[in-house]
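All heavy atoms count here, side chains included; hydrogens, waters and symmetry mates do not. We name chains A, B, ... by the order of the sequence lines, and we start the count at 1 in each one.
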Protein chains: 2
Amino acid sequence: MEKFKGLDEEKQQKILDASLKEFAEHGYEKASTNRIVKEAGIGKGMLFYYFTSKKDLYEYLTEYSLDFTVDKYFQRVDTSETDFIERLKKTAQVKMEAQMENKNVFNFLGTFMLSPGADMPPHIQKKYEHMLEMGNRMIYEGIDLSLFRDDVDVEKAFRLIRWSIEGYQNELLHKLEGQNIAHVDFAPYWDEFYEYLDILKKSFYKKREWEQ
Amino acid sequence: MEKFKGLDEEKQQKILDASLKEFAEHGYEKASTNRIVKEAGIGKGMLFYYFTSKKDLYEYLTEYSLDFTVDKYFQRVDTSETDFIERLKKTAQVKMEAQMENKNVFNFLGTFMLSPGADMPPHIQKKYEHMLEMGNRMIYEGIDLSLFRDDVDVEKAFRLIRWSIEGYQNELLHKLEGQNIAHVDFAPYWDEFYEYLDILKKSFYKKREWEQ
DNA sequence: ATTTCTGTTGACCACCCTGGTCGACAGGGA
DNA sequence: TCCCTGTCGACCAGGGTGGTCAACAGAAAT
C-alpha cells in the first residue's frame, strides 16, 4: 500500500478509477478484480502487490473517497451565506465541480452509503460519521430562519426544498446519462435550475416589502 | 408456462415472490435460479418444467408486473379529482395499498425501468409504453390549473411538488427498511405526509379569499 | 561482471456457482 | 400392468473467483 502511493499520479488514478467504477457498479461481493486489472491496464499480480487483498483495496477506496469528498466538496462550501436557498445554490455548484473532477468517487460513495461501514475498521467509521456531521452543518448551520414564511414549519420547509433540489439533480443526471459529461454545456441547465430556485423562494419565503 | 398457470394460487405466488425478489436484488444476469428454487421451496427441475429458461421466466415476471401495476395501481386512481395535490394524495394511498399487496412487484419493476426492455419481445415493450403513458395521464390529465399561483410556471410547480413527494416517500421507505411492513402503524406517517401536502398547498396555490 | 533488488506479468490454482438436463420415482387413473 | 403427470435433486460442462508464484526485465549496487 505504500508501494501504491509511490506510483506516479497518472497510474494511481487509472487504478483508482477502474476500482471505484467496478465497486460502484457491482457492489463489494460481485466486483471482479479481474475486470479491474483489465480496465486499469495492469497485470493481475500488481493489484495484489499494491494491496494485500480485495478487502484491503476496498477500504483504501473508501477512505480515499471520504477524504476527497470532504476536501473537494464539503470544505469548499461557503457557510457564511445565511440565505438557505442561496447556500444550496452555491453547494450545488461546488458539488458539480467536484463531480467533474472525479465522477467515480461520488458513485462509489453513493453505493457505500446505502449500507454503510458493515465491517469497516474503526478509523474509517469515524471518518464516515465525521463526514455526515460535516454535511449536516454545511447545509443547516447559521441559516437565517426569518426569511421563511411564518405560516409553515421551517424544518419541513427545509426538507421540501432539499427534496426538490435532489429531484432536479436526479432527473438531470438521468437525462444526461450516457453522454460524455465533459462535452455537455451546462449553462442552460444552470439557468433552468435557478428558475426552480426562484420559484422555491417565492413559495417558501416571506413576501418582502419592496416586492409589489 | 401453461403448466405454471395450472398450479394452485399459493404455490404460484411463492414462486413469483421468490423470483421477483431475486431479480430485483441482483438484476437479470446475476440472479440465480438455484437461489430462486431454494427460496420457493421447489426442486430445481420444476422451474424449468414450468418455464423453458431463465429468460422465459424473466419475461413472464415482467408481463405479470406490468399487468399488476396497471390493474392494482394506475386503474384505481380517481382521475376525476382536479386538485393536483389532492390527486397526488389519493395516488399515494392507492400506491401504498398496492405495495402492501405485493411489495416485490414494485421493486422488480423499479429495477426493470432503470434499463427498460433491452431485448423484450414487442408485445411486452408495447405494454410497457402503454403503462408509462397511462401513468402520465393519471397524474396530469384534467388538473385544474387555476388553483396555482399566477407568478409561477405551472409545469415547474408540478415537478417541484412531485419531487417533494417522492423525496418524502423515499425517506420514509429508507427509515422503515428492515422492519416488517405488515406490523408498522402507518397512521402517524400519513398525518405527517398530509402536513407536508398542506405546506405545498400554501406555497404553490393561490391564496383563496376565505383565508385571512 | 555479477549479484541483488524492485516491479511486473499472466498462467495457474482450487474452489464455487452457473443454467440446464435427466434418470428415478410417486401416485392416480385406465 | 401400464401409462401419464408431477416432482425431485444429483449431475454436467463451462466459466468466473480471489489469490499465488515462477519467471523475467532492468536498474542499482557490489
**Request:** Check A:E59 against A:M120 and note the closest heavy-atom contact, atom names and distance.
**Result:**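 In this case the closest contact between A:E59 and A:M120 is CG-SD, 3.8 Å.
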To the nearest Å, give me how far apart [atom1] ([X]) and [atom2] ([N]) are.
X     : N      : atom1 : atom2 : answer
B:K30 : C:dT18 : NZ    : P     : 13 Å
A:Y58 : D:dG18 : OH    : P     : 14 Å
A:K38 : D:dG15 : NZ    : C1'   : 12 Å
A:F4  : C:dG7  : CZ    : P     : 14 Å
A:K54 : D:dT17 : NZ    : C1'   : 8 Å
B:Y50 : D:dC8  : OH    : C1'   : 11 Å
A:M46 : D:dT20 : CE    : P     : 15 Å
B:L47 : C:dT18 : CG    : C1'   : 14 Å

**Item:** Full working for salt bridge (charged side-chain N to carboxylate O under 4.0 Å, His left out) between A:D83 and A:K201
**Value:** CA-CA 10 Å; A:D83 181 321; A:K201 277 193 184 181; 3.8 Å; yes
Between [options], which nucleotide gets closest to the side-chain atoms of [X]?
X     : options               : result
B:F48 : C:dG7, C:dG20, C:dT18 : C:dG20
A:Y49 : D:dG18, C:dT6, D:dT17 : C:dT6
B:L7  : D:dT7, D:dG18, C:dG19 : D:dT7

**Message:** Please determine whether salt bridge (charged side-chain N to carboxylate O under 4.0 Å, His left out) holds for the pair B:K55 and B:D119, giving the CA-CA distance in whole Å, both sets of side-chain angles, and the decisive distance to 0.1 Å.
**Reply:** CA-CA 10 Å; B:K55 190 180 205 157; B:D119 52 350; 3.4 Å; yes
**Request:** Indicate yes or no: does B:K126 engage B:E129 in a salt bridge with an N to O separation below 4.0 Å.
**Result:**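 Salt bridge absent between B:K126 and B:E129.
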**Item:** salt_bridge(B:R35, B:E39) N-O dist < 4.0 Å
**Value:**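 Here B:R35 does not pair with B:E39 in a salt bridge, since their nearest N and O are not under 4.0 Å apart.
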**Prompt:** So with a 6.0 Å cut-off around NZ of A:K21, is the heavy-atom count from everything else above 12?
**Reply:**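 Counting other residues, nucleotides and ligands, NZ of A:K21 stays at 12 neighbours or fewer.
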**Request:** Would you mind reading off the bend of the helix from C:dT2-D:dA29 to C:dA30-D:dT1 from its two end axes, five pairs each, to 10 degrees?
**Result:**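 End-to-end axis angle for the helix from C:dT2-D:dA29 to C:dA30-D:dT1: 30°, rounded to 10°.
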**Prompt:** Looking at B:Y196, does the NZ or CZ of A:K156 lie under 6.0 angstrom from its six-membered ring centre and within 45 degrees of the ring axis?
**Reply:**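 Because its charged atom sits under 6.0 Å from the ring centre and within 45° of the axis, A:K156 does stack over B:Y196.
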**Request:** Would you kindly compare A:T52 and A:R35 by the position of their nearest DNA chain D nucleotide and give the one closer to the 5′ end?
**Result:**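 That would be A:R35.
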**Prompt:** Any donor-acceptor pair under 3.5 Å joining the side chain of A:K44 to the base of D:dG19?
**Reply:**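 Pair found.
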**Prompt:** How would you label the contact of A:K11 with the nucleic acid (heavy atoms, under 4.0 Å): base, sugar-phosphate, or nothing?
**Reply:**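 Sugar-phosphate, no base atom in range.
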**Prompt:** Checking all strands, does B:F51 fall into the base, sugar-phosphate, or nothing category for heavy-atom contacts under 4.0 angstrom?
**Reply:**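 The residue B:F51 makes no contact with any strand.
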Give me the distances for all protein-to-nucleotides 23-30 of chain C N/O pairs that come in under 3.5 Å?
none

**Item:** Side-chain N or O of B:N34 closer than 4.0 Å to phosphate OP1/OP2 of C:dT18
**Value:**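 Yes, within the criterion.
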**Message:** If the cut-off is 4.0 Å, is B:T33 near the phosphate of C:dG19, judged by side-chain N/O to OP1 or OP2?
**Reply:**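 Affirmative; the distance criterion is met.
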**Message:** Please determine whether salt bridge (charged side-chain N to carboxylate O under 4.0 Å, His left out) holds for the pair A:R162 and A:E166, giving the CA-CA distance in whole Å, both sets of side-chain angles, and the decisive distance to 0.1 Å.
**Reply:** CA-CA 6 Å; A:R162 225 194 52 227; A:E166 282 168 7; 3.4 Å; yes
**Prompt:** Can you list, by residue number, the residues of residues 16-29 of chain B that have a non-hydrogen atom closer than 4.0 angstrom to DNA chain C?
**Reply:**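 Nothing qualifies; none.
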**Item:** Aromatic plane relationship, B:Y58 with B:F112 - under 30° parallel, 30 to 60° tilted, over 60° perpendicular
**Value:**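 Answer is tilted, since the angle falls between 30° and 60°.
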**Parallel, tilted or perpendicular, as decided by the 30° and 60° cut-offs, for the rings of A:F23 and A:F108** =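 The rings of A:F108 and A:F23 stand perpendicular, inter-plane angle above 60°.
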**Prompt:** Considering the options A:K95, A:H130, A:M131, which one meets the side chain to side chain contact (heavy atoms under 4.5 Å, CB included) requirement together with A:F74?
**Reply:**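 Answer after filtering A:K95, A:H130, A:M131: A:M131.
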**Message:** What I want to check is whether the side chains of B:W163 and A:E171 have a donor and an acceptor closer together than 3.5 Å.
**Reply:**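 The answer is yes; a qualifying pair exists.
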